[in-house]
Every structure is written in structure tokens, then in C-alpha cells.
Amino acid sequence: MKKILIINGPNLNLLGRREPGVYGSRSFEDYYKELCTQYSSVELSYFQSNHEGALIDKLHEVGFDVDGIILNAGAFTHTSVALHDAIRAINAPVVEVHISNVHQREEFRHHSFISAACRGVICGFGLDSYRLALEALLHES
Ligand code: DQA
């Protein structure tokens, strides 16, 4: 069984209530349940934190064991060299995911510090971005 971890960064615990016009009105927990049912042959797990260090600790903890990581680093995408380094430090391929199309938004969201360290990037497909990232990882591993 393939092991894939989904990691969500800051403010993504508020999905469903946070700016629904941008991020939709569905909670991640609800979406994640559906994803687990749809991909019952995959060992999926989920972690969320609002703290940069906790995200880095989680990457270190699982990054040599799982088959892939789907990472929505939220705003840390646009600020964090430390996350870039953590992704480079581990073995598991990481797919960077964004719910919104960051390139259609404010200019400060156009640059990602983590893309260059990631296997690939999926953005702009709403919550379906996570499923597309999962498909990409399953296709490769
Ligand atoms: C986001 C886009 C980021 O710019 C933002 O800071 C987020 C969510 C997205 O999923 O669209 O928190 O990563």
C-alpha cells in the first residue's frame, strides 16, 4: 500500500469558513473523508499546523518513510527558505499544491520559495488540486 501524507499549513484549518469566495465553502476534513473513501487502496494521512517549525518537523519525521507528500504550505510558500531546505533534505517527492490560482492573485503570491525543491506544482483547481497531486504521485511511484 502506497503511503501518502497531506500537509496543510497556516490558516488552512479554517477552510470552509475562510474567504469562501476564494477557497470554497467545504471544510478540509469533509473533503479528506471523501478522498480517503475514493482512494481506499492508498494509506493516506493528514497533518495541519499553523507553525512553520511544526511543518518542518513533520517533513523530517515522515520524509524518509512515505511514498509522497502533498504540501499546501499556505502563506509560508511565499516566505520560507527553511521549508525549501526541509523539502530538499528528505527523500520523498513533494507536490506543492494551492487551492487558488496564486498567479491570478496579488503579486506577493506569485513567487514560491518551495517550487524549486518540489517534484511539481498544482494550483487553481480548488480542493480538487489535492486529488490531482495524489494522482500525479501514484502515477510515478
Ligand atoms: C494558498 C495560497 C496562498 O497564497 C495562501 O497564503 C494560502 C492558501 C492556496 O491554497 O490557494 O493560505 O496556498
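Atoms within each ligand, like the ligands themselves, are counted from 1 in listed order. Sequence positions, counted from 1, serve as the residue numbers for this chain. All heavy atoms count here, side chains included; hydrogens, waters and symmetry mates do not.
- Closest of all the heavy-atom pairs between Val97 and Ala133 is CG2-CB, 3.5 Å.
- The proximity of His98 to ligand 1, defined as any non-hydrogen pair under 4.0 Å, involves the side chain as well as the backbone.
- The single protein non-hydrogen atom nearest to atom 9 (C) of ligand 1 is Ile99 N, 3.3 Å, given as residue, atom name and distance.
- Given atom 8 (C) of ligand 1, the protein heavy atom at minimum distance is Tyr23 OH, 3.4 Å.
- Residue-environment remark: CZ (Phe125) stays at or below the threshold of 12 foreign heavy atoms within 6.0 Å.
- Using a 4.5 Å cut-off on side-chain heavy atoms (C-beta onward), Asn8 and Tyr130 make contact.
- A salt bridge links Asp128 to Arg131: at least one charged side-chain nitrogen sits closer than 4.0 Å to a carboxylate oxygen.
- Annotation: the span from Ile6 atom CD1 to Leu134 atom CG amounts to 7.0 Å, rounded to 0.5 Å.
- Closest to atom 11 (O) of ligand 1 among all protein heavy atoms lies Ser100 OG, 2.6 Å.
- If you check which protein heavy atom lies closest to atom 5 (C) of ligand 1, you get Arg109 NH1, 3.3 Å.
- No N or O atom of Val97 sits closer than 3.5 Å to an N or O atom of ligand 1.
- Under a 4.0 angstrom heavy-atom cut-off, Asn11 registers as lying outside contact with ligand 1.
- In terms of N/O distances under 3.5 Å, ligand 1 is not approached by Val102.
- Ranked by closest heavy atom to atom 3 (C) of ligand 1, the top entry among Glu106, His110, His78 is His78.
- Phe28 and Tyr31 have tilted rings, their planes meeting at an angle from 30° to 60° on a 0 to 90° scale.
- No more than 12 heavy atoms of other residues, nucleotides or ligands sit less than 6.0 Å from atom NE2 of His51.
- Using a 4.5 Å heavy-atom threshold, the side chains of Glu34 and Arg26 count as touching.
- With a 4.0 Å cut-off on non-hydrogen atoms, Glu96 does not touch ligand 1 at all.
- Under 4.0 Å from ligand 1, not a single heavy atom of Val22 appears.
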